[in-house]
Amino acid sequence: MQKAPIGRLMAGTVFLLAACSGGQEDRQSAAANPCAVNPCAMANPCAAGMGKIDASKVTQGSKELNAHGNSSAELVAMGERLWNDKSMSKAGATSCSTCHMDKYGMMKASFAEPYPHRVEMAYERAGLAKVSAAEMVQLCMVIPMQNDPLDWSSVELAALSEYVTSIQGGFDASMASGMNPCNPCMGENPCNPCAGMNPCNPCQGKGGN
């Protein structure tokens with residue numbers, strides 16, 4: 001059996017050691033920065049920007065909602081369907097229930113209060129001290145859903161507003177979530193151990209209803 005030249009063996013050994021060393025450095029780098037890889041980042045509807053929005057787009061004022069002849073029960077049923085309808089959003093595969101899983105996911109303590117009430121997202125993004133249920137729906141349409149506000153006389157807005165108020169009775173402040181309402185992937189992201197307080201996400205801590 002012919003022996004390989006010593007120089008070739010040494011060169012191969014050096015190459016293998018370098019390759020292993022590089023892999024170890026990559027793993028150490030990833031461990032040092034657990035936010036470096038965030039597979040949910042592109043699904044973050046707040047990632048497009050954190051600027052102020054035009055409050056006039058979401059302010060109800062004297063505008064009245066139109067039930068289009070539907071009863072309260074019919075509006076609630078329609079609102080529940082729309083709550084889970086991802087076609088309402090332009091932010092990818094996102095619906096109201098994406099953030100508010102099981103109705104109350106990511107709801108803040110203020111949701112237990114009758115509307116109108118203060119909502120941090122409404123105050124910070126639109127300068128509104130208090131919002132009605134319909135205004136809250138419109139805010140969610142414009143900010144996390146990245147869509148146009150609904151027509152104020154539309155049955156869709158009436159239905160979603162009726163559904164939102166209908167589920168308040170089953171919520172109390174003890175159910176309030178500290179999770180990040182700006183990143184609907186956050187709770188499902190096993191690759192980002194700092195997701196709960198994610199310094200890579202400028203939306204962290206914002207929002208709520």
**Item:** Pair listing, side chain to side chain donor-acceptor pair (under 3.5 Å) test, anchored in residues 154-165, at least two apart
**Value:** S72-E162
**Request:** Would you check if P149 and V142 make a side-chain contact, meaning some heavy-atom pair closer than 4.5 Å?
**Result:** yes
**Request:** To the nearest 0.5 angstrom, please state how far the CD1 atom of I167 sits from the OH atom of Y104.
**Result:** 5.5 Å
**Item:** Criterion side-chain contact (heavy atoms from CB on, under 4.5 Å) on V164 and M136, from CA distance to verdict
**Value:** CA-CA 9 Å; V164 166; M136 192 63 237; 5.9 Å; no
**Asked** Which distance, rounded to the nearest 0.5 Å, do you find between the NZ of K57 and the CD1 of I143?
**Response** 11.0 Å
**Request:** Rounded to the nearest 0.5 Å, what's the gap from SG on C140 to CD on Q146? Could you check?
**Result:** 12.5 Å
**Message:** If I take atom NE2 from residue H117 and atom NZ from residue K130, how far apart are they, to the nearest 0.5 angstrom?
**Reply:** 10.0 Å
**Prompt:** Is V58 close to I53 at the side-chain level, that is, under 4.5 Å between some pair of heavy atoms?
**Reply:** yes
**Request:** Taking the side chain as every heavy atom from C-beta outward, state whether Y123 and L128 have any pair of such atoms under 4.5 Å apart.
**Result:** no
**Message:** Pairing donors with acceptors under 3.5 angstrom, does anything connect the side chains of N84 and S97?
**Reply:** yes
**Prompt:** Does any N or O in the side chain of K52 come within less than 3.5 Å of the main-chain N or O of E124, such that one atom is a donor and the other an acceptor?
**Reply:** yes
**Prompt:** Who are the side-chain hydrogen bond (donor to acceptor under 3.5 Å, both in side chains) partners of Q138, not counting sequence neighbours?
**Reply:** none
**Prompt:** Considering all heavy atoms of both residues, which atom of S132 and which atom of Q60 are nearest to each other, and what is their separation?
**Reply:** OG-OE1, 2.8 Å
**Complete:** In terms of heavy-atom contacts, A173 and A109 come closest through CB-CB, 4.0 Å
**Fill in**
Exactly one candidate in L150, V76, D85 meets side-chain contact (heavy atoms from CB on, under 4.5 Å) with L160; the answer is L150
**Message:** Within the structure provided, determine whether L75 and V155 are in side-chain contact (heavy-atom separation under 4.5 Å).
**Reply:** yes
**Request:** Report the C-alpha distance between E135 and Y115 in whole Å, list the side-chain angles of each, state the deciding distance to 0.1 Å, and finish with yes or no for side-chain contact (heavy atoms from CB on, under 4.5 Å).
**Result:** CA-CA 10 Å; E135 287 172 331; Y115 284 103; over 6 Å; no
**Asked** Hey, does M145 have a side-chain heavy atom less than 4.5 Å from the side chain of T94?
**Response** yes
**Item:** Any pair counted as side chain to side chain donor-acceptor pair (under 3.5 Å), so long as it reaches residues 62-71, sequence neighbours left out
**Value:** S71-E74
**Request:** Search all heavy atoms of Q168 against all heavy atoms of P114 and return the closest pair with its distance.
**Result:** NE2-CA, 4.4 Å
**Fill in**
In this structure, CG of L157 is separated from CG of D151 (nearest 0.5 Å) by 8.5 Å
**Item:** Minimum side-chain heavy-atom gap E120-K108 below 4.5 Å
**Value:** no
**Item:** Between CG on residue N147 and OG on residue S87, distance to nearest 0.5 Å
**Value:** 9.0 Å
**Asked** Short question: side chain of S89, backbone of K86 - any donor-acceptor pair under 3.5 Å?
**Response** no
**Pair L82-M88, side-chain contact (heavy atoms from CB on, under 4.5 Å): steps then yes or no** = CA-CA 7 Å; L82 294 172; M88 298 288 288; 3.9 Å; yes
